[in-house]
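The first residue of the sequence shown is numbered 1, and numbering continues consecutively from there. On a predicted model such as this, the values are computed, not experimentally measured, just so you know.
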Amino acid sequence: MKFEFLRHIALFCVLVLLQVLVLNHIHIAGVATPLLFVYFIEIFRRNYPRQGLICWGFALGLLVDTFQNTPGAAAASLTLLAFVQPELLDLFLTREQADDMSPSKANLGKLPFFYYTTLCTSLFCFLFFLLESFSFFNWLTWLERSVGSIALTEMLIMAVDTLRKKKERKD
C-alpha cells in the first residue's frame, strides 16, 4: 500500500513537471497541445477507492490549473474523469481479470487499451476545452483544439506506456 502511494506521488510529480515545463509550450498548428497529465488518472488500478481517485484527480487538476492559468477547467475535467474512470475501465475488462489489475497495453491488450485511453482522453479534452472557452460560438475552434489535443495526447500515452512497461520488465 505504501509502495503504491509512493509510486503515485512520484508519477504525479513527474507528470506535473513535464506538463508545466515542456508540454505546455508545444502547440502544433496553434491548436493541438499534449495533455499528458490525464494519463495519471487513466492508469489507476481496478477497484481503487473512488474517493481517493477523485481526490487525486482534483489535486492534479488544481495544480495544473495553477500553472496553465485555466481557472478550474483542468480540475473540473479531471475530477469528472476520475469519477467515471472505474466504469470506463469496466467496459474493457473481462470478469476473469484480477481486481487489482492496472490498465496497460500488457494487461488489456493493445487495441482495448487504446480504445480505453482514447475514450478517457476524449472525455477530458472535450470538457476541458469547453470550460476553457466557455462558449459554443467558436465550435469549430473548440473541435479543432479538442481533436488535435486528443490525437497528440494519445500518441504520447501509448509511447509512455510502452516505455513504462519496458522499464518494469527490466527491474
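Taking hydrophobic clusters as Ile, Leu, Val, Met, Phe, Trp and Tyr residues chained together by side-chain heavy-atom distances below 4.5 Å, L127 does not share a cluster with F58. Both F92 and F44 sit in one connected hydrophobic cluster of ILVMFWY residues. Membership requires side-chain heavy atoms under 4.5 Å apart, directly or through other members. Taken together through direct or relayed side-chain contacts under 4.5 Å among Ile, Leu, Val, Met, Phe, Trp and Tyr, L62 and L15 form parts of separate hydrophobic clusters.
S133 is not listed as a side-chain neighbour of N138, based on a closest heavy-atom distance of 4.5 Å or more. With a 4.5 Å cut-off on side-chain heavy atoms, V20 and V64 do not count as touching. Contact annotation: the side chain of P34 approaches that of I26 to within less than 4.5 Å [non-hydrogen atoms, C-beta and beyond]. Contact of the F12 side chain with the L63 side chain is registered, since non-hydrogen atoms from C-beta on lie closer than 4.5 Å. Looking at Y39 and D161, their side chains come closer than 4.5 Å, going by heavy atoms from C-beta outward.
Atom CD of Q85 sits about 12.0 Å away from atom CG of L80, to the nearest 0.5 Å. Summarising the geometry, atom CH2 belonging to W56 is positioned 10.5 Å from atom CG belonging to L53; distances are rounded to the nearest 0.5 Å. Put simply, CD1 on I157 and SG on C120 are 8.5 Å apart, with the number rounded to the nearest 0.5 Å. From M155, atom CE reaches atom CD1 of I150 across 12.0 Å, with rounding to the nearest 0.5 Å. Taking OH of Y115 as the start and OG1 of T118 as the end, the distance is 8.5 Å to the nearest 0.5 Å. Considering OG of S77 and CG of L131, their distance stands at 5.0 Å, rounded to 0.5 Å.
Counting all heavy atoms, side chain and backbone alike, L21 lies closest to H25 at O-CD2, 3.3 Å. The nearest pair of heavy atoms linking T33 to L152 is C-CD2, 4.1 Å. Closest approach of M158 to K110, counting heavy atoms only: CE-O, 4.2 Å. Here the closest heavy-atom approach between residue A82 and residue G57 is recorded as CB-CA, 4.4 Å. Taking both residues in full, the closest heavy atoms of S149 and C125 are given as CB-SG, 4.2 Å, listed atom of the first, atom of the second, then distance.
Listed for the R50 side chain is a donor-acceptor partner under 3.5 Å among the backbone atoms of F83. Panel note: side chain D65, backbone P71; no donor-acceptor pair is recorded below 3.5 Å. Of the possible polar contacts, none joining the T70 side chain to the A73 backbone as a donor-acceptor pair under 3.5 Å is found.
Each of K105, E42, E154 was evaluated against T117; a single residue qualifies, E154, per the side-chain hydrogen bond (donor to acceptor under 3.5 Å, both in side chains) test. Residue L36 is tested with L23, V14, T121 for a side-chain contact (heavy atoms from CB on, under 4.5 Å); the sole match is L23.
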| request: Kindly determine whether W142 and F128 satisfy ring-ring contact (aromatic ring centres under 6.0 Å, His included), including the steps that lead there. | output: CA-CA 10 Å; W142 167 76; F128 176 75; over 10 Å; no
| task | Walk me through it: do F37 and F124 pass the test ring-ring contact (aromatic ring centres under 6.0 Å, His included)? | result | CA-CA 11 Å; F37 60 91; F124 172 79; 5.5 Å; yes
| Stepwise side chain to side chain contact (heavy atoms under 4.5 Å, CB included) test for H27 and V31 | CA-CA 6 Å; H27 303 288; V31 293; over 6 Å; no
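Around the CZ atom of F126, the shell of radius 6.0 Å holds more than 12 heavy atoms that belong to other residues, nucleotides or ligands.
Ring centroid separation for the pair H8 and Y48 comes in under the 6.0 Å cut-off.
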